[in-house]
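I have placed the structure first, in the form of structure tokens, so that the comments after it can refer back to it.
In what follows, chains are A, B, ... by sequence order, proteins preceding strands, each numbered from 1.
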Amino acid sequence: MVDRNPYLLLGVDYGCPPDDARRSFARAARRVRRAKNAQITTEDLTWALHEIQARKSNPFDEVSIYRVPADPEVFTPRGEGLFAPAPVRLPRRTAISESDVDGLAAGLADDVAVLLAEALPVFVRFDYGYLTPEGTEQ
Amino acid sequence: MLVSYGSVECTLLLHNGRLATVPTGELPAVEPDQAVAHLPTLRSPVGRILRTAAAVDRGAVALPWTGENLFGHAFTILAAMPAYARSAALEVLALGRLDLLGRCGLSPTETIWLHLVAAARGGDVVGVVSAAAALPPHRYRRKIAILAALLGQVREVPDGPARLAPALAAFAAAEPLAALVQRALGLVPASVRECTDDLALRAAAFAAPAEIAALIGVVGAAHAEPNTRAMLGNRGRLAVLHGAEHLAGEIAGTVDLRGAPLAVVDDLIDRGMVTDVAAAGAGRTTEERTYLTARLAPERLSAEQLDRLDHRDEIVRRALAAGTSDLADADAELPLGRHAAMVDLLSRKRPQDVVLDHVLPAHRMAARHLAAMIGGAEVGQEPASLLHEELLADRTTWLPLVRIFGTDRLRVASRELTRRFSEFFEWLGLVAAREHLFLADWRRAADAARSCLELASEEAVRDEAQNLLACALHNLGDHTAALHELDQAVEGGYSVALLANIGVVSGSLDSELAARHLARIVREAPTVAMRANAARQALATWFGDSTKIWQGEEGEQRTLPTVLREPLRSVVTEGIDIDDFRLLLSAMAKFDADWLTAPNTLRGSPHQGTLETKYYLALARDGFLPVVDMFASVPNWGTAPEWLVTERDKLVDQTLEYLLEHLNDPDNAAGVIAHALVTKVHGIASHTETLLALLAVASLAYHLSNQDIELAPAIVDLFRQHQRRVPALDAEARELPDELVELCVRRITINIQAARGRDLVGLIDPYNTALDILDRVQRGSPAWFEARSLVANVVQICQQTKAGLRPWLREVAVPDVRESLMDFLEECADFEAKAQRVLGS
């Protein structure tokens, strides 16, 4: 290996948290044992785990270790299906009441009342009740 | 002035104020009266004089009589004609002189009625309420209509309802409008239905515009024209939206749901009229917002929010998606709980136990195919041959397929199958390549990545495949090919990770290339920390390449290469870590000093006022003395940062080393630095300080002696100060200081002796001249005294020289120097003796 890459050694995605690396250690050790002609030793894995756990800076700010994968998204097929059904919307927990409906009707009535209040003074003619020769009360 | 006009005779008002009666036929022609020309037809015999009086009052016309004088005559004449009282009242109302109504001869209640109508016409609702309340409750039924017409405004008058209550009560039984006004003013309770009916009654009674009438009642509003509905406020639109599903497209977006009851919002959600979480939750409590989010977009809720809501279905769904098979007992009977149990069985390769009816209907087919595939593999069939289109259409099965069968068993599919499910197999190639990289099986990783590239068309997948292939090639030692793959990948779409990987790979190829790529990261990386890391690595690469002459370097002097210069300049002023700042500054102080020391270069840096800035700017200013001055500004080295102590000690050590090797160089630069370090900078170890001081004195003494310049007393004092320290040193540590003390004594002695020698040589000519004068001039003359004074000065200087040099004679160990000094002192004594004799003669 050109550069010792702790993430590759442990078989985890670049930048994974130390806890994930710790959990991967046993899996990686098993994989190394099972692999024929494995070029990785348990010592390599121990070193790799220590490297990741001792890291203080954000690995995504580093530029010295090869990143595998470069785009983790492509490894996780997106979508809904058998193993990940669609989100379940909560069934309603309220019931409409008569007062709710009345409130809506009252709201509409209030709006119309406002329109009438604006319109009627303009449209209605207020007369004094006197008859005049010309029939109007100007 | 014509006061009244009749068919037989008319009454004229004369200029003297008296009235005169003339036959109507004898009246002269009437001139048009411009002041009243705009008013309606005259209705009463006093109409003209009333109008003229009002015009006089307004100042519109100038007549010999006052307005009140004319009004008085008019109402006097009117009193004699009561049949014209109402006509005159109309004239007064037309003139807008309601104040004159009471003089028209009408009853008080009729006068109030006229006031009421006039107020209604003028929009004076307070006047309307006052007049209506002042009328007898049981009379003037038409006042009810006026109140009903102006209901919206009447409601706003303080105390209006209470004042109108008697009048309304009086007519409530017989007049529907009175009962309507009572309900509207809150004098009697009213149902929503009654309110709606009242609106309809008012609209009909007053012939309200048809558009408004159409909006009364949800059903009516729902069938009104869209433009008409647009007149409604938010509450009205909400009511229509709730009552008329077919209008959702028109209204839904315009309704603000802030005040709507939660149940109403739920209705709208159920009907699909509300889909936006932000709109539904606006202005609501946290709890209601969480509830509405669960109703519309449960995927946005946190686990805690789901727990608080006890939304079990979504909790179970998420557990399933995360691959957790442990469910609470209570969840086992939920549809999703049963589904999760079946998925768990499939994952554990137990298809025989799967009850397909327990799988959610939408995913039953995929479950059936997966169960069949697992079953077939168990009886020896090749899993790849059992792949089914309907199964692979469900992308959530891809990872479980790899977990159940492994990449190798799935990748042996036929070419035809691979082509049919190319999307799955290109993804599978990626996964396989990554697995091989994890096992350091570079060749198989490269093969898998290439197989992916053969199929993949989507850019993101191709880029990742090339990234994995490059990793494999890089580890196989084919860095050029690796870099080629990465270059191609990064061409398609910008990726910080690919860029960083290029930096890693190119580092194995060529340091200049690596620095070039790292410089690109410095320019383009999304975070300051990443830019700083790239800058640090680029610098390390540059420092590590001592043989290569890069573009931007000039001759022997190493300056930052062009490719690094601008990126480093940009990153050094950013908010980088102080350690990175120090590292970059240290390099730039050496290799980009001109830029660094230009005014305001570091103005944008958060580390502008730090010790780092002060130190490296001093260093960049091309001189050790500014650095010493910077060290001198540190008051307490006990609390100084370690790096600064190191830099100080480094300068001290370099100075010591240089002086020890160049003690016989006439150049005194190092001696000046050593002197400055000793006299200005605190905190240097005592032993080191003494060595520095002695070396400084020795160096300066040598240099100044060569220049025929005498040492300053302060230099000699510095020597004495540190000479006294030497005996206190350990025997081992004393060897070098002892040697340096001897050297200093020797050089100081030589310097002082030479200085005094120059003094005495300078006295010889004046001394000889004085002897000549003493021989020639008369004793006691001014010239004689002046010459004797000069000789006495010689005596004094000779004595001072001997006194000043005798201590050094005791210390000088080198015979040649000692002998020379003794000779000098002897010459001095001779000179003094001769002078004494001259004075004694």
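With sequence neighbours excluded, the residues forming a side-chain contact (heavy atoms from CB on, under 4.5 Å) with B:Arg531 are B:Ala525, B:Val528, B:Val571, B:Glu574, listed by chain and number.
Contact annotation for B:Ile521: only side-chain heavy atoms (C-beta onward) come within less than 4.5 Å of a heavy atom of chain A. Of the two parts of B:Leu360, only the side chain, counted from C-beta on, holds a non-hydrogen atom closer than 4.5 Å to a non-hydrogen atom of chain A. Interface residue B:Ala529: backbone and side-chain heavy atoms are both found under 4.5 Å from chain A. With a threshold of 4.5 angstrom between heavy atoms, B:Asp394 approaches chain A through side-chain atoms but not through N, CA, C or O. Neither the backbone nor the side chain of A:Tyr14 comes within contact range of chain B; no heavy atoms are under 4.5 Å apart. Contacts between B:Val192 and chain A at a heavy-atom distance below 4.5 Å involve the side chain alone, from C-beta outward. Heavy atoms of A:Asn58 lying under 4.5 Å from chain B are absent altogether. Contact annotation for B:Arg142: only side-chain heavy atoms (C-beta onward) come within less than 4.5 Å of a heavy atom of chain A. The contact between B:Leu93 and chain A is made entirely by side chain atoms (from C-beta outward), counting heavy-atom distances below 4.5 Å. Proximity to chain A is limited to the side chain of B:Leu370, based on heavy atoms less than 4.5 angstrom apart. Residue contact with chain A, scored on non-hydrogen atoms closer than 4.5 Å, involves the side chain of B:Leu486 exclusively. Using a 4.5 Å cut-off between heavy atoms, A:Val114 makes no contact with chain B at all. Contacts between B:Glu299 and chain A at a heavy-atom distance below 4.5 Å involve backbone atoms as well as side-chain atoms. When heavy atoms are compared at a cutoff of 4.5 Å, B:Val505 approaches chain A solely by way of its side chain, counted from C-beta outward. If you measure heavy-atom distances from B:Val359 to chain A, the contacts under 4.5 Å come from the side chain alone. When heavy atoms are compared at a cutoff of 4.5 Å, B:Ala340 does not approach chain A at all. For B:Leu114, the parts lying near chain A are the backbone and the side chain together; criterion is any non-hydrogen pair under 4.5 Å.
The two residues A:Arg67 and B:Ala500 come nearest to each other via the heavy atoms NE-CB, 3.8 Å. The shortest non-hydrogen separation linking B:Val504 to A:Ser64 is CG2-C, 3.8 Å. Here the closest heavy-atom approach between residue A:Pro69 and residue B:Asn467 is recorded as C-ND2, 4.0 Å. Taking all atoms of both residues into account, the shortest heavy-atom contact from B:Asn533 to A:Asp61 is ND2-O, 2.6 Å. For B:Ala239 against A:Leu108, the heavy-atom pair with the smallest separation is CB-CB, 3.9 Å. In this structure, A:Val68 and B:Cys471 approach most closely via the heavy-atom pair CG2-SG, 3.8 Å.
No other option in A:Ala86, A:Ala113, A:Ser99 has as many heavy-atom pairs under 4.5 Å with chain B as A:Ala86. The candidate from A:Gly79, A:Pro87, A:Gly107 with the greatest count of non-hydrogen atom pairs under 4.5 Å with chain B is A:Pro87. Per-residue heavy-atom pair counts under 4.5 Å with chain A were compared for B:Ala321, B:Gly152, B:Gly503, and the maximum is reached by B:Ala321. In terms of heavy-atom pairs under 4.5 Å with chain B, the best-connected choice from A:Pro85, A:Ala109, A:Ala106 is A:Pro85. Taking A:Gly81, A:Gly103, A:Pro91 one by one and counting their heavy-atom pairs under 4.5 Å with chain B, the maximum is reached by A:Gly81. Listed options B:Val343, B:Thr396, B:Thr293, B:Leu499 were ranked by heavy-atom pairs under 4.5 angstrom with chain A; first place goes to B:Thr396.
Within the structure, every pair that satisfies the salt bridge (charged side-chain N to carboxylate O under 4.0 Å, His left out) test and touches residues 79-99 of chain A, not counting sequence neighbours, is listed here: A:Arg92-B:Asp267, A:Arg92-B:Asp270.
Formation of a donor-acceptor pair under 3.5 Å by the B:His311 side chain with backbone atoms of A:Val88 is found in this model.
Using a 4.0 Å cut-off between charged nitrogen and carboxylate oxygen, A:Asp13 and B:Arg434 count as a salt-bridge pair.
When only modelled atom types and interatomic distance are considered, A:Tyr66 and B:Asn475 share no side-chain donor-acceptor pair under 3.5 Å.
Residues of residues 70-77 of chain A that come closer than 4.5 Å to chain B, counting heavy atoms only, are A:Ala70, A:Asp71, A:Val74, A:Phe75, A:Thr76, A:Pro77, ordered by residue number.
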Donor-acceptor contacts, no H, no angles, side chain residues 115-122 of chain A, under 3.5 Å, sequence neighbours left out:
none

Check the pair A:Tyr128, B:Glu110 against side-chain hydrogen bond (donor to acceptor under 3.5 Å, both in side chains), reporting the backbone distance first and the verdict last. CA-CA 10 Å; A:Tyr128 299 107; B:Glu110 190 165 352; over 6 Å; no

